[in-house]
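Encoded as structure tokens, the structure appears first; notes follow it.
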Amino acid sequence: MDLEQIITLIHEHGLSKYQDDILASVRPAILLKLGQAEAGHKGQSRIGGVPDLPLSVPWPKNTPSDSYLCFILQINLAELPTFAENPLTKRGMLYLFASESENAAEQLVFYDGSESLEPAKLPEDTRLITDWYDNLVTHRLEFELFPDIPRWATNDFYRLCAHLNLDELKLNDLCRTLSENSVGKLLGHASGIGHDPREDAYVVRQVNPEWLYNYEQRQTLDMTHAQNWHNLLEVESNRKVDLMFGDAGYLQVLIHGEDLKRLDFSQVYVNLESS
């Protein structure tokens with residue numbers, strides 16, 4: 001999707017007089033779209049199935065329960081569209097796994113070495129951490145560059161609506177249209193349900209994880225620091241894949257801006273958002 005297409009959508013949604021401000025809020029992002037219902041070749045981007053891992057990278061486990069995490073998807077960074085603002089390298093693999101451990105960084109794995117990749121195999125008596133993601137319908141992933149705008153329940157979204165005196169539902173409808181027919185996105189704006197999830201990332205990773213639900217203590221914090229956290233990856237529930245996060249929610253990975261510059265994924269904040 002290019003600039004002309006988003007301008008057309010702005011007009012179609014009756015938001016023409018807000019065009020300049022909406023365009024000023026745009027961040028480049030990459031839609032994740034379903035391709036053929038197949039695994040594809042080794043190292044190809046896919047959702048479902050099994051990951052193609054190098055020998056040096058084990059299938060991640062949840063240590064307290066001694067259970068393996070559930071594989072969700074892999075992204076070959078070489079397959080992503082090229083654009084100037086892309087902070088990601090063109091070489092390497094991103095793997096996303098699901099865990100029942102809240103916000104655990106172990107759910108995201110990055111590899112940019114030179115080893116060959118092979119379909120990972122788990123022992124026959126393997127314990128997965130949950131059966132919630134069993135039997136996903138494997139699909140290849142395809143990618144499309146698109147202009148993303150501030151998303152529901154984030155501070156950026158509310159500020160834009162207040163600045164324009166704009167009905168929140170109208171802007172949210174435009175957001176939904178921009179990302180329709182996708183199973184998620186890389187980069188762009190963070191999304192929230194109820195409140196801005198970047199504040200949770202800031203509290204847990206930079207302040208005190210025990211304050212996640214301590215709203216009295218959170219009120220003492222300078223939440224402008226949460227603006228340093230960014231959307232890295234968001235994966236939506238999808239019927240074709242038979243993938244469900246909570247009650248038709250999504251799994252999101254947030255990363256601090258400085259970590260993203262260094263391609264350091266060891267402190268990402270993984271968050272399941274659901275109504």
query: Can any side-chain N or O of Lys261 pair as donor or acceptor with the backbone N or O of His256 at less than 3.5 Å?
result: no
- request: Any chance you could lay out the side chain to side chain contact (heavy atoms under 4.5 Å, CB included) test for Leu178 and Arg151, step after step, and finish with the verdict?
  value: CA-CA 11 Å; Leu178 286 172; Arg151 296 287 169 150; 4.3 Å; yes
message: Could you measure the distance from the CG atom of Leu187 to the CG atom of Asn86? Nearest 0.5 Å is fine.
response: 6.0 Å
query: Is there a donor-acceptor pair closer than 3.5 Å between any side-chain N or O of Thr220 and the backbone N or O of Glu216?
result: no
- line: In terms of heavy-atom contacts, Val253 and Val268 come closest through CG1-CB, 3.7 Å
- prompt: Does the side chain to side chain contact (heavy atoms under 4.5 Å, CB included) test come out yes or no for Leu260 and Leu232, once each step is laid out?
  reply: CA-CA 8 Å; Leu260 183 55; Leu232 175 64; 4.2 Å; yes
- prompt: Considering residues, nucleotides and ligands other than Glu4, do more than 12 of their heavy atoms fall under 6.0 Å from its CD?
  reply: no
message: Taking Ala39's backbone N and O only, do any of them form a donor-acceptor pair with Arg46's side chain (distance below 3.5 Å, no angle check)?
response: yes
query: Minimum heavy-atom separation for Asp52 to Pro119, with atom names?
result: OD1-CA, 3.4 Å
field: Cluster link Leu32 to Val109, ILVMFWY, side chain under 4.5 Å
entry: no
message: I'd like to check Val207 versus Tyr202 (side-chain heavy atoms, cut-off strictly below 4.5 Å). Are they in contact?
response: yes
message: For a quick test of reading the model, state the closest non-hydrogen atom pair linking Gln267 to Trp229 and the distance between them.
response: O-CH2, 3.6 Å
message: Within a 6.0 Å radius of atom CG on Asn165, are there more than 12 heavy atoms belonging to other residues, nucleotides or ligands?
response: no
query: Are Phe110 and Phe143 connected, step by step, through hydrophobic side chains (Ile, Leu, Val, Met, Phe, Trp, Tyr) whose heavy atoms are closer than 4.5 Å?
result: yes
task: Please answer: with hydrophobic residues joined when any side-chain heavy atoms are less than 4.5 Å apart, are Leu96 and Leu34 in the same cluster?
output: yes
message: Whether the Ser266 and Asp264 side chains hold a donor-acceptor pair (N or O, under 3.5 Å, no angle test) is what I'd like checked.
response: yes
message: Pairing donors with acceptors under 3.5 angstrom, does anything connect the side chains of Asn155 and Glu199?
response: yes
- request: Count the heavy atoms of every other residue, nucleotide or ligand shown that sit under 6.0 Å from CZ of Arg239, and state whether that count exceeds 12.
  value: no
- prompt: How far does CG of Asp20 sit from CD1 of Ile7, to the nearest 0.5 angstrom?
  reply: 9.0 Å
message: Does Asp2 have more than 12 heavy atoms from other residues, nucleotides or ligands lying within 6.0 Å of its CG?
response: yes
statement: So salt bridge (charged side-chain N to carboxylate O under 4.0 Å, His left out) across residues 266-275, not counting sequence neighbours, yields none
- request: Look up atom CE in Met93 and atom CG in Asn76, then write down how far apart they are to the nearest 0.5 Å.
  value: 5.0 Å
Pairing of Lys170 and Asp173 as salt bridge, 4.0 angstrom limit: no
query: Heavy atoms, side chains only, cut-off 4.5 Å: are Leu243 and Glu236 in contact?
result: no
field: Gly192 versus Thr154, closest heavy-atom pair with distance
entry: N-CG2, 4.0 Å
message: Do the side chains of Asp259 and Arg205 get close enough for a salt bridge, i.e. N-O under 4.0 angstrom?
response: no
- prompt: Could you give the distance from CH2 (Trp59) to CG (Leu128), rounded to the nearest 0.5 Å?
  reply: 7.0 Å
task: Keeping the roles fixed (side chain from His189, backbone from Ser25), state whether a donor-acceptor pair exists under 3.5 Å.
output: yes
- request: Report yes or no: do Leu272 and Ile255 belong to one cluster of Ile/Leu/Val/Met/Phe/Trp/Tyr joined by side chain heavy-atom distances under 4.5 Å?
  value: yes
task: Given side chain to side chain contact (heavy atoms under 4.5 Å, CB included), test Glu106 with Lys61 step by step and report yes or no.
output: CA-CA 8 Å; Glu106 65 192 9; Lys61 295 181 75 174; over 6 Å; no
Any pair counted as salt bridge (charged side-chain N to carboxylate O under 4.0 Å, His left out), so long as it reaches residues 117-128, sequence neighbours left out: Lys42-Glu118
message: How long is the straight-line distance from CG of Leu166 back to CG of Leu171, given to the nearest 0.5 Å?
response: 5.5 Å
- prompt: Are Tyr68 and Ile129 joined in one hydrophobic group, where the rule is that I, L, V, M, F, W and Y side chains link up if heavy atoms are under 4.5 Å apart?
  reply: yes
Ala120 to Leu53 - nearest heavy-atom pair and separation: CB-CD1, 3.8 Å
field: Residue from Ile22, Asp21, Leu23 passing side chain to side chain contact (heavy atoms under 4.5 Å, CB included) with Gln19
entry: Leu23
message: In the structure I gave you, are the side-chain heavy atoms of Leu122 and Val50 within less than 4.5 Å of one another anywhere?
response: no
query: With side chains defined as the heavy atoms from C-beta onward, is the minimum distance between Met223 and Arg198 less than 4.5 Å?
result: no
message: Which residue in the set Glu144, Glu142, Glu79 passes salt bridge (charged side-chain N to carboxylate O under 4.0 Å, His left out) when paired with Lys33?
response: Glu144
Least distance between heavy atoms, Glu234 atom then Ser191 atom: OE1-OG, 3.0 Å
query: Is the count of non-hydrogen atoms from other residues, nucleotides or ligands lying under 6.0 Å from Arg176 atom CZ greater than 12?
result: no
No-hydrogen, no-angle side-chain donor-acceptor test under 3.5 Å, Thr177 and His13: yes
query: Just by distance, do the side chain of Arg91 and the backbone of Asp112 share a donor-acceptor pair under 3.5 Å?
result: yes
message: Any heavy-atom pair between the side chains of Pro147 and Leu3 that's under 4.5 Å?
response: no
- prompt: Can you tell which of Tyr269, Tyr95, Phe97, Phe265 makes a side chain to side chain contact (heavy atoms under 4.5 Å, CB included) with Leu108?
  reply: Phe265
task: Take Asp148 and Asn231 through the side chain to side chain contact (heavy atoms under 4.5 Å, CB included) test and state the conclusion after the steps.
output: CA-CA 11 Å; Asp148 198 19; Asn231 182 67; over 6 Å; no
- request: Kindly check if the number of other-residue, nucleotide or ligand heavy atoms within 6.0 Å of NE2 (His163) is above 12?
  value: no
Candidate list Trp132, Tyr133, Tyr250, test ring pair (Phe, Tyr, Trp, His ring centres under 6.0 Å), partner Phe245, passing option: Tyr133
task: Would you mind reporting whether Arg27 and Asp156 have side-chain heavy atoms less than 4.5 Å apart?
output: yes
query: Is any side-chain heavy atom of Leu73 less than 4.5 Å from a side-chain heavy atom of Val183?
result: no
- line: In this structure, OH of Tyr111 is separated from CD of Gln74 (nearest 0.5 Å) by 13.5 Å
- prompt: Does a sphere of radius 6.0 Å around NZ in Lys240 hold more than 12 heavy atoms from other residues, nucleotides or ligands, not counting ones at 6.0 Å or beyond?
  reply: no
